Number of protein chains: 2
Amino acid sequence: MKAKSASTEEKIKEAARVVFTKKGYAATKTRDIAEEAGLNLALLNYYFRSKEKLFEIVMIENLQKLFAFLAPTLNDTSLSLDKKIVTISANYIDMLFQNPDLPLFVLSEIRTRPERFAGIIKLDTYVLQSHFMQQIREKKKKINPVQFLISLMGMLIFPFLTRPVFQTSSAFDEASFTQLIKERKKLIPQWLKSMLE
Amino acid sequence: MKAKSASTEEKIKEAARVVFTKKGYAATKTRDIAEEAGLNLALLNYYFRSKEKLFEIVMIENLQKLFAFLAPTLNDTSLSLDKKIVTISANYIDMLFQNPDLPLFVLSEIRTRPERFAGIIKLDTYVLQSHFMQQIREKKKKINPVQFLISLMGMLIFPFLTRPVFQTSSAFDEASFTQLIKERKKLIPQWLKSMLE
DNA sequence: ATTTGATTTAAACAAATGATTAAATCAAAT
DNA sequence: ATTTGATTTAATCATTTGTTTAAATCAAAT
């Protein structure tokens, strides 16, 4: 009767991922997570000690997904700038399709307590001092390369942040959104290219 | 002793604007607002009946700022597409500088209860069916004009959404951020122009 | 000075929330 | 079958939260 595929601990984690990502930390009750997991409320404290500790685990995973996910491609010295932009666009959009609520959740929680996550994000190491940034700098010497990074990431992520806004319009259903994002996989690298010329 | 410039009601509203925008609805306690206003907790219910009602007032104001703010320029038939892009970029960035926390707060709350705000946002009327969108359609017939709208708004808004992320890097202080955004006022219209060619 | 209604105050309430507790149950070893 | 430690359960706790209540205070009219 204990031949379950998921341990209790893992069930709680998975439920926490779902509920925290959907509702954010403050609006998530421990009872919500217990219910989502189909388990007794007290188990959350038994396995994770506190709501806060559980949240931290979920948050660190999500930061990895959003930030560290980029590092290998950004720092790959064998790819041209154009190839990198194409690769990043494709990979990031695919990742976001699997985790559409992630950006808004993460940005919202970082805003609430930024100092808590500074050591994990490591923006300097993985992003700002990456090979990719060097490549941009060489291409456009007169403009801060961060400008292009922000625009690229903005164009990739923003539609996911505003999806609920677009869903308030009857002209936008799930299929429209998906279609729109698929088109962007092609458009964004083209746009970045013309911006860099 | 009642010759105050701000009425009690207005004081509460202003405090609510500050606290809700900073912390979001769920994490905001009525006691936080009372403290910010320097008033007695029970006054919130006396003047506004509930936390929810107070929030609604603040939220509607903020939606106007983010969405309706755009409508006049988008629908101004006397401006060329290029001029519109320049105007929107400048005006929106100025507005965001005064309300840097607004986008993240609004997007986050819309995500929590989108059906509540559909009637206020009026995306179809003011944005999707605007003169601006027609102008884009005429310029680039083969691409959904929403693509350009998303990219423009994404490039304008995204830096404000990710400001706390950038602040985790020691390379970014307030002055850097301001400088970066000022540059974008010029860069974004240029970029949009090349994207539309 | 008194009355009346409006506003403010501080305390209290009822429910919700994260956490704790102790007992029950399970699982493995002897 | 018993013991031991691990896990689970349901109840309880202590605190917090949005709201309500009743009294005090204010302000204007008489």
Side-chain angles (χ1 to χ4, degrees), chain A residues 1-62 105 108-109 111-113 116-117, chain B residues 1-62 105 108-109 111-113 116-117:
Chain A
M1 222 52 293
K2 266 285 160 60
K4 307 178 183 178
S5 56
S7 70
T8 300
E9 185 173 323
E10 193 50 42
K11 278 187 183 172
I12 295 170
K13 268 202 220 165
E14 183 50 37
R17 282 180 200 117
V18 171
V19 184
F20 276 136
T21 303
K22 188 178 168 195
K23 297 184 170 188
Y25 179 78
T28 293
K29 321 299 172 199
T30 50
R31 285 165 174 83
D32 295 333
I33 294 170
E35 195 178 308
E36 173 73 31
L39 298 170
N40 186 283
L41 174 63
L43 291 179
L44 271 64
N45 293 84
Y46 179 78
Y47 281 96
F48 297 97
R49 267 179 55 214
S50 69
K51 176 186 176 183
E52 175 103 29
K53 289 280 187 233
L54 186 54
F55 171 73
E56 207 162 286
I57 290 166
V58 171
M59 192 63 185
I60 288 169
E61 286 184 2
N62 287 333
F105 164 65
S108 198
E109 300 297 334
R111 214 246 337 210
T112 302
R113 62 220 109 202
R116 284 284 305 283
F117 306 116
Chain B
M1 221 57 284
K2 269 283 160 65
K4 307 177 183 179
S5 57
S7 71
T8 302
E9 185 173 322
E10 193 49 43
K11 277 186 183 173
I12 295 169
K13 268 201 221 167
E14 183 50 38
R17 282 179 199 116
V18 170
V19 184
F20 276 137
T21 303
K22 188 178 170 198
K23 296 186 175 188
Y25 179 78
T28 294
K29 321 298 173 201
T30 51
R31 283 164 176 84
D32 296 333
I33 295 170
E35 195 177 309
E36 174 72 30
L39 297 169
N40 186 283
L41 174 63
L43 292 179
L44 271 63
N45 291 84
Y46 181 78
Y47 282 97
F48 297 98
R49 267 179 55 215
S50 69
K51 177 187 174 183
E52 175 104 30
K53 291 274 186 238
L54 185 54
F55 171 73
E56 209 160 284
I57 290 166
V58 172
M59 191 63 185
I60 289 169
E61 286 183 1
N62 286 333
F105 163 66
S108 199
E109 300 298 335
R111 215 247 336 210
T112 302
R113 64 220 108 201
R116 286 281 305 283
F117 307 115

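The sequence lines fix the lettering, A, B, ..., with proteins before strands; numbering per chain opens at 1. Keep in mind that this is a model prediction, so the values were computed, not measured.
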Student: Take nucleotides 9-22 of chain C nucleotide by nucleotide from the 5' end and write B, S or -, depending on whether a protein heavy atom sits under 4.0 Å from the base, only from the sugar-phosphate, or from neither.
Tutor: BB------BBBBB-

Student: Quick one: A/Glu35 CD to D/dA10 C1', roughly how many Å, whole number?
Tutor: 16 Å

Student: Mind checking ring-ring contact (aromatic ring centres under 6.0 Å, His included) for A/Phe55 and listing every partner two or more places apart, or none if nothing turns up?
Tutor: A/Phe20, A/Tyr25

Student: Mind jotting down which residue pairs meet the salt bridge (Lys or Arg N to Asp or Glu O under 4.0 Å) criterion with at least one end in residues 49-60 of chain A? Sequence neighbours excluded, please.
Tutor: A/Glu52-A/Arg116, A/Glu56-A/Arg116

Student: Using a 3.5 Å limit on both distances, find every run of at least three consecutive Watson-Crick or G-U pairs that involves DNA chain D.
Tutor: C:1-30 with D:1-30

Student: Within the structure, does a side-chain N or O atom of A/Thr8 lie under 4.0 Å from either OP1 or OP2 of D/dT8?
Tutor: yes

Student: Considering residues at least two apart in sequence or located in another chain, which fulfil the side chain to side chain contact (heavy atoms under 4.5 Å, CB included) criterion with A/Thr21?
Tutor: A/Asn62, A/Asp101, A/Phe105

Student: Indicate, with a heavy-atom threshold strictly under 4.0 Å, whether B/Tyr47 touches base, sugar-phosphate, or nothing.
Tutor: sugar-phosphate

Student: Would you name the heavy atoms of B/Ala16 and B/Val58 that are closest together and state the gap between them?
Tutor: CB-CG2, 3.9 Å

Student: Do any pairs count as a side-chain hydrogen bond (donor to acceptor under 3.5 Å, both in side chains) and have a residue in residues 28-43 of chain A, sequence neighbours left out, and if so which ones?
Tutor: A/Lys23-A/Asp32

Student: Per the ring-ring contact (aromatic ring centres under 6.0 Å, His included) rule, what does the pair list look like for residues 28-50 of chain B, sequence neighbours excluded?
Tutor: none

Student: Taking only residues two or more places apart in sequence, or in another chain, which ones meet B/Lys22 in a side chain to side chain contact (heavy atoms under 4.5 Å, CB included)?
Tutor: none

Student: What residues form a salt bridge (charged side-chain N to carboxylate O under 4.0 Å, His left out) with B/Glu9, not counting sequence neighbours?
Tutor: none

